[in-house]
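Note sheet for the following structure.
Remember, it's a predicted structure, so these values are computed and weren't measured experimentally.
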Amino acid sequence: MQLISMYLPQFHRVKENDKWWGEGFTEWTAVKGADKLYDGHIQPRVPLNENYYDLIKRDTMEWQADLMHQYGVDGQCFYHYWFKDGRQILEKPAENLLQWTDIDMPFCFCWANETWARTWSKIQEKNEWSFRHEGKNRPYGSGILLEQQYGEEKDWRIHYEYLRRFFKDQRYIKNDGKPLFLIYKSRLLICLGEMLACWNRWAIEDGFGGIFVIGANTDFNTEKHLDGVLNHEPQDAIFRIKPKIEQGIMKYGYKELWETLLKTESFRANTYYGGFVGYDNTPRRGRSGIVVEGMSPDIFQKYLSMLIAKNESAGNEYVFLNAWNEWGEGMYLEPDIENGYSYLEAVKKARENYIEYLDDYNEDSKILSLSWKKELDFYREKAFRYEKYWKIFDAWMNLREQGKKIENYLVSEDIRRIGIYGVGMMGKHLITELSDSKVEVVYGIDQNAELIKDYIHIYRPDEVIPDVDAIVITALFEVEKIKKNIEGKRNCKILLLEEIITDLNENRG
């Protein structure tokens with residue numbers, strides 16, 4: 001199993017940062033300018049020996065590569081910034097590494113696929129680099145700094161051609177010959193399926209066998225196109241627990257976040273469970289930031305050991321750790337004056353000692369495997385039900401487009417007064433369609449009668465119901481059981497909405 005840490009290439013000057021945030025701006029600017037916001041707040045963070053390095057310099061990457069191998073980090077996952085029309089930023093460290101072939105730093109990419117925008121921009125999904133450096137003269141313009149658009153096949157080809165140079169490097173991390181590639185917010189890629197189909201085809205032509213793509217921040221629409229999903233921490237765990245607010249600052253407990261992420265399971269196959277070193281993004285966001293308290297190298301070592309065991313028991317090839325050098329968010333393994341090399345030493349010890357937790361996770365995985373299957377069956381059944389509802393609605397809309405009415409069907413059967421069994425989504429649409437028609441909806445029947453507020457009376461299934469010409473069942477499942485219940489109470493016609501819609505589509509107008 002490989003331990004891969006996330007790697008931020010923001011520690012060198014670029015003309016865009018000079019323009020947006022001020023001359024000489026890098027990540028170190030935010031780190032050095034951090035404020036101590038309360039007693040006990042460990043800010044500003046200072047690198048050991050005040051090593052405010054420049055990533056453009058060769059000796060910086062040589063030093064980082066040596067630290068990796070000494071303390072058990074197998075690779076770096078560089079954030080990769082690629083925007084509309086192939087615009088890039090912060091690409092120089094990775095490009096330099098490509099030239100410095102003798103630096104032993106295995107690596108892969110994580111495409112940080114958000115628009116860059118200022119905090120006050122109306123863009124919802126965006127990367128806000130520097131809240132504390134916005135300046136006073138805002139808002140102006142759209143607030144967009146670098147726009148993200150995914151384009152079409154010709155744009156995907158240009159992007160792939162750029163990546164291929166790195167994929168061919170012997171140090172680029174591969175899964176069974178396939179280059180490993182992460183996408184930070186895969187749910188934003190509405191063209192993900194088409195794009196990856198192209199990328200995989202081109203990668204196979206280049207002899208890679210395809211690309212192994214892991215997505216973080218995904219959803220049901222995109223994860224089906226991925227080889228795996230990543231629980232990106234601590235963000236995933238933060239969404240699961242409630243913070244405490246002190247002096248206007250959101251705070252979380254280190255142990256609580258770790259225990260939450262270690263308990264998190266997924267019904268999805270190929271879920272990679274991520275971890276984190278620490279978290280405090282107040283250098284970037286000031287009092288609008290989040291602080292995680294209670295971190296220590298010993299606690300980190302214990303929980304990282306458990307995380308490695310959890311991933312191995314799940315059959316995962318990688319453990320992703322946030323992060324190697326996110327100094328502006330308090331997530332870094334690199335040595336500082338507060339703890340020296342302690343967090344790097346914790347990584348090495350965790351890799352040596354994780355086996356003591358493996359038996360527990362292997363036993364848990366048997367139980368969780370059964371739980372996973374049950375949950376998967378549940379969602380499969382749910383998907384089947386939604387598909388059936390979708391098909392009925394599609395057929396219903398087809399009737400309306402042809403000018404065919406359910407009212408006409410009922411009148412042709414000499415039905416003028418009806419009850420509707422099931423006053424959920426389908427039932428309410430039927431009530432609306434029959435309003436101001438020749439057919440009166442006298443009442444509804446629903447097991448959640450007391451929760452339904454409507455303009456007709458709703459009976460529970462166990463109550464006595466008045467006479468009508470027919471009862472129309474809108475439910476699509478357990479229909480025979482419903483029919484038997486109604487037949488025991490009323491001698492009237494019992495019709496299924498599904499059958500009415502089907503009959504109208506096939507025969508009558």
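- Residues Gln76 and Ser5 have side chains that bring a donor and an acceptor to within less than 3.5 angstrom of each other.
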Exercise. Verify side chain to side chain donor-acceptor pair (under 3.5 Å) between Tyr162 and Glu95, making sure each step is shown before the conclusion.
Key: CA-CA 10 Å; Tyr162 177 81; Glu95 290 184 352; 2.8 Å; yes
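- Side-chain atoms of Tyr160 and Asn200 include no donor-acceptor pair closer than 3.5 Å.
- Residues Val277 and Phe300 are in side-chain contact: their nearest non-hydrogen atoms beyond the backbone lie under 4.5 Å apart.
- When all heavy atoms of Ile211 and Asp227 are compared, the closest pair comes out as O-OD2, 3.2 Å.
- For the pair Arg157 and Trp202, the distance from NZ or CZ to the six-membered ring centre is under 6.0 Å and the angle to the ring normal is within 45 degrees.
- Taking the charged nitrogens against the carboxylate oxygens, Glu246 and Lys251 do have a contact shorter than 4.0 Å, which makes a salt bridge.
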Given Tyr303 and Leu262, is the side chain to side chain contact (heavy atoms under 4.5 Å, CB included) satisfied, shown in steps? CA-CA 8 Å; Tyr303 287 135; Leu262 285 168; 3.5 Å; yes
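- Atom CG of Asp394 has more than 12 neighbouring heavy atoms from other residues, nucleotides or ligands inside a 6.0 Å radius.
- Lys174 NZ: more than 12 foreign heavy atoms inside a 6.0 Å radius.
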For a side chain to side chain contact (heavy atoms under 4.5 Å, CB included) check, start with the C-alpha distance between Trp20 and Leu145, then their side-chain angles and the critical distance, and finish with the verdict. CA-CA 8 Å; Trp20 297 330; Leu145 303 175; 3.7 Å; yes
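- At a cut-off of 3.5 Å, with distance as the only test, no side-chain donor of Asn217 or His232 sits close to an acceptor on the other residue.
- With 3.5 Å as the limit, one finds no donor-acceptor pair spanning the side chains of Glu334 and Tyr343.
- When each of Arg13, Arg45, Lys32, Arg284 is checked for a salt bridge (charged side-chain N to carboxylate O under 4.0 Å, His left out) with Glu27, only Arg284 meets the rule.
- Closest of all the heavy-atom pairs between Phe107 and Phe166 is CE1-CD2, 3.9 Å.
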Salt bridge (Lys or Arg N to Asp or Glu O under 4.0 Å) evaluation trace for Lys263 with Glu259 | CA-CA 6 Å; Lys263 289 176 184 175; Glu259 289 170 1; 5.3 Å; no
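- With contacts defined as side-chain heavy-atom distances shorter than 4.5 Å, the pair Met61/Leu97 qualifies.
- Looking only at side-chain heavy atoms (C-beta outward), Pro47 and Trp28 come within less than 4.5 Å of each other.
- The closest donor-acceptor contact from the side chain of Trp199 to the backbone of Trp156 lies under 3.5 Å.
- Between Gln148 and Phe83, the shortest heavy-atom contact is OE1-CA, 3.7 Å.
- Checked for salt-bridge contact, Arg171 and Asp169 meet the test: a charged N lies under 4.0 Å from a carboxylate O.
- No donor-acceptor contact under 3.5 angstrom links the side chains of Tyr273 and Glu233, judged on distance only.
- By the 4.0 Å N-to-carboxylate-O rule, Glu256 lies too far from Arg240 to be salt-bridged with it.
- Between the CD1 atom in Ile245 and the CD1 atom in Ile249 there is a gap of 9.5 Å [rounded to 0.5 Å].
- Remark: the backbone N or O of Gly215 is not paired with any side-chain donor or acceptor of Thr218 at under 3.5 angstrom.
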### Query
Given the rule in the salt bridge (Lys or Arg N to Asp or Glu O under 4.0 Å) test, do Glu16 and Lys19 qualify, once you have shown the distances and angles that lead to the verdict?
CA-CA 5 Å; Glu16 292 89 347; Lys19 176 183 177 182; over 6 Å; no
Go through the steps to decide whether Asp219 and Lys224 satisfy the test salt bridge (Lys or Arg N to Asp or Glu O under 4.0 Å), and finish with yes or no.
CA-CA 9 Å; Asp219 59 21; Lys224 61 187 176 184; over 6 Å; no
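- Glu329 and Asn322 share no side-chain donor-acceptor pair at under 3.5 Å.
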*Determine, step by step, whether Leu307 and Tyr354 satisfy the side chain to side chain contact (heavy atoms under 4.5 Å, CB included) criterion, reporting the C-alpha distance in whole Å, the side-chain angles of both residues, the deciding distance to 0.1 Å, and the verdict.*
CA-CA 8 Å; Leu307 182 70; Tyr354 81 93; over 6 Å; no
Q) Stepwise, does the side chain to side chain contact (heavy atoms under 4.5 Å, CB included) test hold for Leu321 with Ile4? A) CA-CA 6 Å; Leu321 188 60; Ile4 301 173; over 6 Å; no
Report task. Show the numbers, then the answer: is there a side chain to side chain donor-acceptor pair (under 3.5 Å) between Asn113 and Tyr150? Result -> CA-CA 9 Å; Asn113 60 312; Tyr150 303 107; 3.2 Å; yes
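- In this model, a donor atom of one side chain and an acceptor atom of the other lie less than 3.5 Å apart for Thr282 and Asp280.
- Below 30°, between 30° and 60°, or above 60°: for Trp258 and Tyr254 the angle between ring planes is above 60°, a perpendicular geometry.
- Within a 6.0 Å sphere centred on CD1 of Ile204, heavy atoms belonging to other residues, nucleotides or ligands number more than 12.
- Using modelled atom types, one finds no donor on one side chain facing an acceptor on the other under 3.5 Å when comparing Tyr53 with Asp59.
- Judged by distance alone, the side chains of Gln64 and Tyr7 do bring a donor and an acceptor atom under 3.5 Å apart.
- Asp54 places a side-chain N or O within 3.5 Å of a backbone atom of Ile56 that can act as its donor or acceptor partner.
- Side-chain atoms of Asp155 come within 3.5 Å of backbone N or O of Glu152 as a donor-acceptor pair.
- Within the 3.5 Å criterion, the main-chain N or O of Gly253 finds no donor-acceptor partner in the side chain of Lys255.
- Within 6.0 Å of atom CD in Gln247, more than 12 heavy atoms from other residues, nucleotides or ligands are found, so the atom counts as buried in its surroundings.
- Between the side chains of Asn175 and Glu317, a donor-acceptor pair is found at a separation under 3.5 Å.
- In this structure, the side chains of Ile214 and Phe320 come closer than 4.5 Å at one or more pairs of heavy atoms.
- For the pair Gln70 and Asp66, the minimum side-chain heavy-atom distance is 4.5 Å or more.
- When every heavy atom of Pro297 is checked against every heavy atom of Ser342, the shortest pair comes out as CG-CB, 3.5 Å.
- For the pair His69 (side chain) and Asp104 (backbone), a donor-acceptor distance under 3.5 Å is present.
- Looking at Arg58 and Glu62, a side-chain N of the basic residue comes within less than 4.0 Å of a carboxylate O on the acidic one, giving a salt bridge.
- Of the charged side-chain nitrogens involved, none lies within less than 4.0 Å of a carboxylate oxygen, so that Lys310 and Glu312 do not count as a salt-bridged pair.
- Around atom CD of Glu50, no more than 12 heavy atoms belonging to other residues, nucleotides or ligands sit under 6.0 Å away.
- In terms of modelled atom types and a separation under 3.5 Å, the side chain of Asp336 and the main chain of Leu48 share no donor-acceptor contact.
- Contact annotation: the side chain of Leu90 never approaches that of Leu8 to less than 4.5 Å [non-hydrogen atoms, C-beta and beyond].
- In this structure, Lys244 and Glu293 have side chains that are in contact, with non-hydrogen atoms separated by less than 4.5 Å.
- In this structure, Cys110 and Ile183 approach most closely via the heavy-atom pair SG-C, 4.4 Å.
- Classification of Glu345 and Lys349 as a salt-bridged pair fails, no side-chain N sitting under 4.0 Å from a carboxylate O.
- Residues Trp116 and Glu147 fail the side-chain proximity criterion, which asks for heavy atoms closer than 4.5 Å.
- Looking at every heavy atom in both residues, Leu182 comes nearest to Met6 through CD2-CE, 4.5 Å.
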